[in-house]
Amino acid sequence: MDALAAWCKRWLGAAPAAALFEAGYLSTVKGLRLTDGREVVVKVRPHASRLAGCADVHRALWAAGFPCPEPLVDPQPLDGYAASAEAFVLDVDEPPARSELAALSAAALARLVELAPGPSSVPSLAPAPSWAGWDHSEPGLWPGSEELDVDLNDYAEPRWLEQVAAAVRDRLRGHGGDPVIGHGDWHPENLRWKGPSLIAVHDWDSVICQPEPAIAGLGAATFLGLGPRPAMASVEESAAFLEAYQRARGRRWTSADHAACWAAGLWQRAVDAKTWSLRDEPEQLLTPHDARARLRLAGLNPDLAPAEEATGTSDP
C-alpha cells in the first residue's frame, strides 16, 4: 500500500484516502477515493510489451465516444509490475434479457471494431492472450497459460481435445483475413449495462489484433459467460450473435469467414477446457456434443470429438 500511495501521488497527483473495492482475476484491480475527492480505479499486473498498444486502443476508443472508462494513466512501473489508472464508472449492471442479449452485445462489439484504430497506428498487440492466441510462436499446440504456471503441452489428455484444438488452429492460421482491432474477452463480467444501453466495457488488456470473423467468433462463444454457471452460449445462441454482428456491420461473411468465426469460438472453448482438464473437469467447459456441432460449422470433421457411444451424449 505504501508503494501504491507513492504511485498515486506521482501519477495522479493525490494519495489514496479510502478504498472503494478490490477485485481482479489475472490482475489486481483497486477502486480508490483520492484525497482530492476523485474516484479512480488502479489496475496492477505483470508488465508485458503489448500493454502499450492496449492503452492506445483504450484511449482512442474513449476519445471516439465508445462507452468505456476514461483512461487517466497509461501503464507505469509499480514495484516490478505495471499499473494504470482510469476514472471510476458507477457499477450499474442491469443487463437486458437473455433473449435480447445476442443482438445488443453483437452490435456493441461491431461498434467497437468500427471505431477502433487501425493496427498500424498503435504499438504491437502481440502476443494475443492464450484464448485468442492460435497464432502463437511457442513450441507445441497450446500457448502459455495466464491462469496456471504449467505447460499445457506436458499433459496429453484428453486426446480428443488435442485433436479439436489442432484442427481449429490450422483452420484459423490458414484463414488469411486482414487483421483488425477488437476486444478479445467479450464476456458479461467485462460489460456493464443499464437495460438495453451499454454503459461501460472493461478489461482493455484483452484488446487483440486478429481477423474480424475471429473476433466476432470469440464474442459469440463468450458473450453469455465463460463457465457452466450461468450456462454458456449454445450453438443456437452463438449463431444468433454472429447473425446480429453481420447486420450491425452491414456485411455478410464468406464461407471461409463463417468457418473462421466458429473455429475461433471453438479454440477459446478448447483452451479453457484444456485448463480445466488438469482438474479432471474439461467437459464443464466443452462437451464432445458441443465440439462436434462447432466443428461441423467450422467446416471440420466432427469425428475429431467422440460420438455418443464413447461419451453417453448424443451427436447434434
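Atoms considered below: every heavy atom in the structure, side chains included; atoms not considered: hydrogens, waters and symmetry mates. Since the structure is predicted, the reported quantities are computational estimates derived from the model, not experimental observations.
Contact annotation: the side chain of Tyr81 approaches that of Pro46 to within less than 4.5 Å [non-hydrogen atoms, C-beta and beyond]. For the pair Pro96 and Leu101, the minimum side-chain heavy-atom distance is below 4.5 Å. The side-chain heavy atoms of Pro129 and Arg50, taken from C-beta on, include a pair separated by under 4.5 Å. Residues Arg249 and Val113 are in side-chain contact: their nearest non-hydrogen atoms beyond the backbone lie under 4.5 Å apart. Counting heavy atoms from C-beta outward, Leu286 and Leu266 have side chains that approach closer than 4.5 Å. For the pair Thr275 and Leu152, the minimum side-chain heavy-atom distance is below 4.5 Å. In this structure the side chain of Trp11 never reaches within 4.5 angstrom of the side chain of Leu72, judged on heavy atoms. Val40 is not listed as a side-chain neighbour of Phe88, based on a closest heavy-atom distance of 4.5 Å or more.
Nearest approach of Phe21 to Val41, heavy atoms of both residues: CZ-CG2, 3.9 Å. Of all the heavy atoms in Trp262 and Ala239, the pair that sits closest is CH2-N, 3.7 Å. Summarising the geometry of Ala214 relative to Ala264, their closest heavy-atom pair is O-CB, 3.4 Å, with the distance given to 0.1 Å. Taking all atoms of both residues into account, the shortest heavy-atom contact from Ala110 to Ala248 is CB-CB, 3.7 Å. Counting all heavy atoms, side chain and backbone alike, Trp131 lies closest to Gly184 at NE1-O, 2.9 Å. Ala103 and Ala244 get closest at one heavy-atom pair: CA-CB, 3.6 Å.
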request  = Verify salt bridge (Lys or Arg N to Asp or Glu O under 4.0 Å) between Asp303 and Arg292, making sure each step is shown before the conclusion.
outcome  = CA-CA 7 Å; Asp303 291 334; Arg292 291 178 67 90; 3.0 Å; yes
key: Worked check of side-chain contact (heavy atoms from CB on, under 4.5 Å) between Leu4 and Leu32   = CA-CA 11 Å; Leu4 178 60; Leu32 302 170; 4.1 Å; yes
ask   = Is there a side-chain contact (heavy atoms from CB on, under 4.5 Å) between Val29 and His202 once you walk through the steps?
value = CA-CA 11 Å; Val29 181; His202 298 288; over 6 Å; no
ask   = For Asp205 and Leu51, what are the C-alpha separation, side-chain angles and deciding distance, and is it a side-chain contact (heavy atoms from CB on, under 4.5 Å)?
value = CA-CA 6 Å; Asp205 288 0; Leu51 293 178; 3.5 Å; yes
query = How far apart are the C-alpha atoms of Asp185 and Leu226, what are their side-chain angles, what is the distance that settles it, and do they pass the side-chain contact (heavy atoms from CB on, under 4.5 Å) test?
reply = CA-CA 10 Å; Asp185 206 11; Leu226 297 173; 4.1 Å; yes
key: Intermediate values then yes/no, salt bridge (Lys or Arg N to Asp or Glu O under 4.0 Å), Arg111 and Glu114   = CA-CA 5 Å; Arg111 180 65 171 161; Glu114 179 183 352; 3.5 Å; yes
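Within a 6.0 Å sphere centred on CG of Asp36, heavy atoms belonging to other residues, nucleotides or ligands number more than 12. For Asp154, the CG atom sits in a packed shell: over 12 heavy atoms of surrounding residues, nucleotides or ligands are nearer than 6.0 Å. Residue Arg10 qualifies as open at atom CZ: its count of foreign heavy atoms under 6.0 Å is 12 or below.
For residues 95-109, the pairs satisfying side-chain hydrogen bond (donor to acceptor under 3.5 Å, both in side chains) are Arg98-Glu237, Ser105-Trp186, with sequence neighbours left out.
Taking CZ of Arg251 as the start and OH of Tyr245 as the end, the distance is 7.0 Å to the nearest 0.5 Å. Going from atom CD1 of Ile181 over to atom CG of Leu115 covers 12.0 Å, rounded to the nearest 0.5 Å. Taking CE of Met1 as the start and SG of Cys8 as the end, the distance is 8.0 Å to the nearest 0.5 Å. Considering CG of Leu109 and CD1 of Ile215, their distance stands at 7.5 Å, rounded to 0.5 Å. To the nearest 0.5 Å, atom CZ of residue Arg59 and atom CD of residue Glu86 are 11.0 Å apart. Taking CG of Leu20 as the start and NZ of Lys30 as the end, the distance is 11.5 Å to the nearest 0.5 Å.
With no hydrogens or angles considered, no side-chain donor-acceptor pair links Asp290 and Thr287 at under 3.5 Å.
Relative to the ring axis of Trp276, Arg279 places its NZ or CZ within 45° and under 6.0 Å from the centre.
At distances below 3.5 Å, at least one donor-acceptor pair connects side-chain atoms of Arg192 with backbone N or O atoms of Glu189. Arg171 places no side-chain N or O within 3.5 Å of a backbone atom of Ala259 that could act as its donor or acceptor partner. Side-chain atoms of Gln163 come within 3.5 Å of backbone N or O of Leu304 as a donor-acceptor pair. Looking at Gln268, its side chain never comes within 3.5 Å of a backbone N or O of Thr222 through a donor-acceptor pair. Remark: the backbone N or O of Ser145 is not paired with any side-chain donor or acceptor of Ser130 at under 3.5 angstrom.
A salt bridge links Asp203 to Lys43: at least one charged side-chain nitrogen sits closer than 4.0 Å to a carboxylate oxygen. Salt-bridge annotation for Lys274 and Glu157: absent, with no side-chain N of the basic residue lying under 4.0 Å from a carboxylate O of the acidic one. Of the charged side-chain nitrogens involved, none lies within less than 4.0 Å of a carboxylate oxygen, so that Asp135 and Arg169 do not count as a salt-bridged pair. A salt bridge does not link Glu146 with Arg45: none of the charged nitrogens is closer than 4.0 Å to a carboxylate oxygen. The existence of a salt bridge linking Arg33 and Glu39 is confirmed by a sub-4.0 Å separation between a basic side-chain nitrogen and an acidic carboxylate oxygen.
Hydrophobic cluster membership differs between Leu285 and Trp267, with clusters built from Ile, Leu, Val, Met, Phe, Trp and Tyr side chains linked at under 4.5 angstrom. Residues Ile208 and Val180 are members of one and the same hydrophobic cluster, defined by side-chain heavy-atom contacts under 4.5 angstrom among Ile, Leu, Val, Met, Phe, Trp and Tyr. Clustering ILVMFWY residues whenever any of their side-chain heavy atoms sit less than 4.5 angstrom apart, transitively, puts Val44 in the very cluster that holds Leu12. By the criterion of side-chain heavy atoms lying less than 4.5 angstrom apart, applied directly or through intervening Ile, Leu, Val, Met, Phe, Trp or Tyr residues, Val201 is not grouped with Val89; the two fall into different hydrophobic clusters. Both Phe241 and Leu224 belong to a common hydrophobic cluster when Ile, Leu, Val, Met, Phe, Trp and Tyr are linked at side-chain heavy-atom distances under 4.5 angstrom.
Using bins of under 30°, 30° to 60° and over 60° for the plane-to-plane angle, the ring pair Trp204/His58 lands in the parallel bin.
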